[in-house]
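All remarks here apply to the structure that follows.
In this chain, residues are counted from 1 in sequence order.
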Amino acid sequence: MNPPFLRRLLIGAAAVCAMVGLLFIVTLNTVRPAIHSASVKHQLGSIDHTTCNADPESWGWASGDLSFFAYDRDGRSLNPAAPPIEPHLLSQALATDGVGMETSPDRISFVMRRASEGPCAVLRATSRNLDATISSRIRGALAIAIVVAMSAAVLGTYLLVVRPLRSRIEEVATAARSVGSDSFEPRPRATDALGHIADVLARSHERLTDARGALEARNQALEQHLAGVAHDLRTPLASMHLALEALATESRGAVRDDARRALADAVFLSSMVENLHQAARLRHEVDVTSGRVELSDLVRRVEKRFAIVGRHAGVEVAANTPEREVWVACTPALAERAVANLVQNAVEHNDETGHVAVALSLEDSGRRFRLVVTDDGPGMPQEAMADLHTESFLLDEARPRGPGMGTLITKEVARRAGWSVRYAPVDPTGLEVQLEGPVLDGE
């Protein structure tokens, strides 16, 4: 049988049972008095009253809750044992030419007119109120039946409709939360509205999975392309760098000025290409701490490289390193980018005849290093300092020589390596950058 049809059938049957029970109770309470009156009238009318007319002084009897006695039209009985008749029941029997009846919780009293005159014109009978007990039992049984039927209807609705529907809704919600992820599981197909939603989610998951695969393939291709470009440009840029440095050294006048500007552009271009390559790697969540690098040697190499650039720009670059080696957990290429970007920014944003100092020291009994890059240039505006907190690797097009990608790469490398980066203004002018982190044990 079709499950939805079975559910509707059970719910309808329970509702019909409840309605029939209520209708039966209403009908019983409505017609019961009339039925009872007709029954009593028939029973009293069938009694032989010949003996009553022959001997009214002794006719009648009383046994427990059951009694029969005869009265005249005025309500008087010739039998001394007869109890007083109820005046309102007598009036009701005489007025309606029928039966006067009164029901109390424990008994029922009947008064019926049998003749127009005589000592036995009116009969009075009393009996135990069995109908009240029976009716209360019937009503109690019907109430219990109605409660059971309603409970069965509610329970059946919950078990057959609500719980399966809630389970399916929860399955669709779970599938919706995992669309596009590896944990997504397609739901069984159905022809109702929830089935259509599940089909839409499955198709959306397929599209997202295909799009993610294509995007990952493009990102991988882009990273490989940038790595190839950086590798291919490294040699010609180095040659250009040496040639421009020689030209700036040997030439005079306007040619020397042009050569110095071209040398600065070549250095910037080399750093930009390398930063693009490392930014592509960082976007793929590479493990920055997978290698080791010795910071003293790295700082000296960076000093030599930018001392040449600074000499042609009129900026003096000097570094100070400890006598012992300082080993840290960081990929060498990324560590060099982090330090070189700080020194390059200090040189490029300094004034002519300025100074850049790079100081590497050991703190906390040799367990931590501190690298401080200080310049006496114009410093950095407050709004530019706020830009250093961004998480983007995008270059600010309005300020291509500002903090830009190099500073952001330094910040990201430091974050993943467990280092801290702090920027502070120098009095009266200048900027100080502190790079601090743990040193490898046993080195």
Side-chain angles (χ1 to χ4, degrees), residues 230 234-235 237-239 241-242 244-246 248-249 263-264 266-268 270-275 277-278 288-350 354-364 366-377 406-407 409-411 413-414 417-422 426 430-443:
R234 187 174 289 114
T235 300
L237 286 175
S239 300
H241 190 172
L242 293 174
L244 290 173
E245 180 185 351
T249 302
L263 177 61
V267 173
F268 176 78
S270 298
S271 298
M272 178 61 69
V273 171
E274 189 61 29
N275 282 333
H277 179 210
Q278 301 304 334
V288 172
T289 61
S290 60
R292 299 192 313 162
V293 63
E294 204 280 297
L295 287 183
S296 297
D297 179 66
L298 188 152
V299 169
R300 287 190 291 268
R301 285 189 282 108
V302 171
E303 176 199 14
K304 292 179 181 179
R305 184 192 315 166
F306 287 99
I308 299 174
V309 178
R311 183 174 65 250
H312 293 287
V315 177
E316 181 182 0
V317 178
N320 183 33
T321 60
E323 296 181 357
R324 55 168 289 186
E325 295 179 339
V326 181
W327 288 92
V328 296
C330 186
T331 304
L334 291 172
E336 183 172 350
R337 277 292 89 206
V339 176
N341 287 331
L342 295 180
V343 178
Q344 181 179 358
N345 281 335
V347 173
E348 289 187 351
H349 296 90
N350 210 327
H355 302 82
V356 174
V358 183
L360 176 64
S361 60
L362 289 172
E363 308 291 335
D364 193 15
R367 289 191 292 267
R368 299 183 63 83
F369 76 89
R370 178 180 295 173
L371 178 65
V372 181
V373 179
T374 309
D375 66 76
D376 54 0
T407 300
I409 287 178
T410 298
K411 180 176 178 294
V413 171
W419 304 343
S420 63
V421 183
R422 291 191 298 272
V426 177
L431 181 68
E432 178 182 277
V433 185
Q434 292 189 13
L435 190 66
E436 185 176 347
V439 175
L440 288 176
D441 296 334
E443 295 292 347

- Take L362 and R324 through the test side-chain contact (heavy atoms from CB on, under 4.5 Å) and record every step on the way to the result. CA-CA 10 Å; L362 289 172; R324 55 168 289 186; 3.2 Å; yes
- Side-chain contact, heavy-atom cut-off 4.5 Å: I409 with N341? yes
- Verdict with reasoning, V328 to W419, per side-chain contact (heavy atoms from CB on, under 4.5 Å): CA-CA 10 Å; V328 296; W419 304 343; 3.8 Å; yes
- For R370, what residues pass the side chain to side chain donor-acceptor pair (under 3.5 Å) criterion, not counting sequence neighbours? none
- List the atom of A346, the atom of V373, and the distance in Å for their closest heavy-atom pair. CB-CG1, 4.0 Å
- Any donor-acceptor pair under 3.5 Å from N350 side chain to H355 backbone: yes
- Task: Indicate yes or no: at least one non-hydrogen side-chain atom of V358 is less than 4.5 angstrom from one of V302.
- Result: no
- Message: Any non-hydrogen side-chain atom of E325 less than 4.5 Å from a side-chain atom of S296?
- Response: no
- Item | All side chain to side chain donor-acceptor pair (under 3.5 Å) counterparts of D297, not counting sequence neighbours | R301
- Query: Quick one: CD on E294 to CG on L440, what's the gap to the nearest 0.5 Å?
  - Reply: 11.0 Å
- Under a 4.0 Å N-O cut-off, is there an ion pair linking E274 with R337? no
- For A335 against V293, the heavy-atom pair lying closest together: CB-CG1, 3.8 Å
- Identify, with sequence neighbours excluded, every residue that meets side chain to side chain donor-acceptor pair (under 3.5 Å) alongside R311. none
- Distance-only, no hydrogens or angles: does the T331 side chain make a donor-acceptor pair with backbone N or O of V288 under 3.5 Å? yes
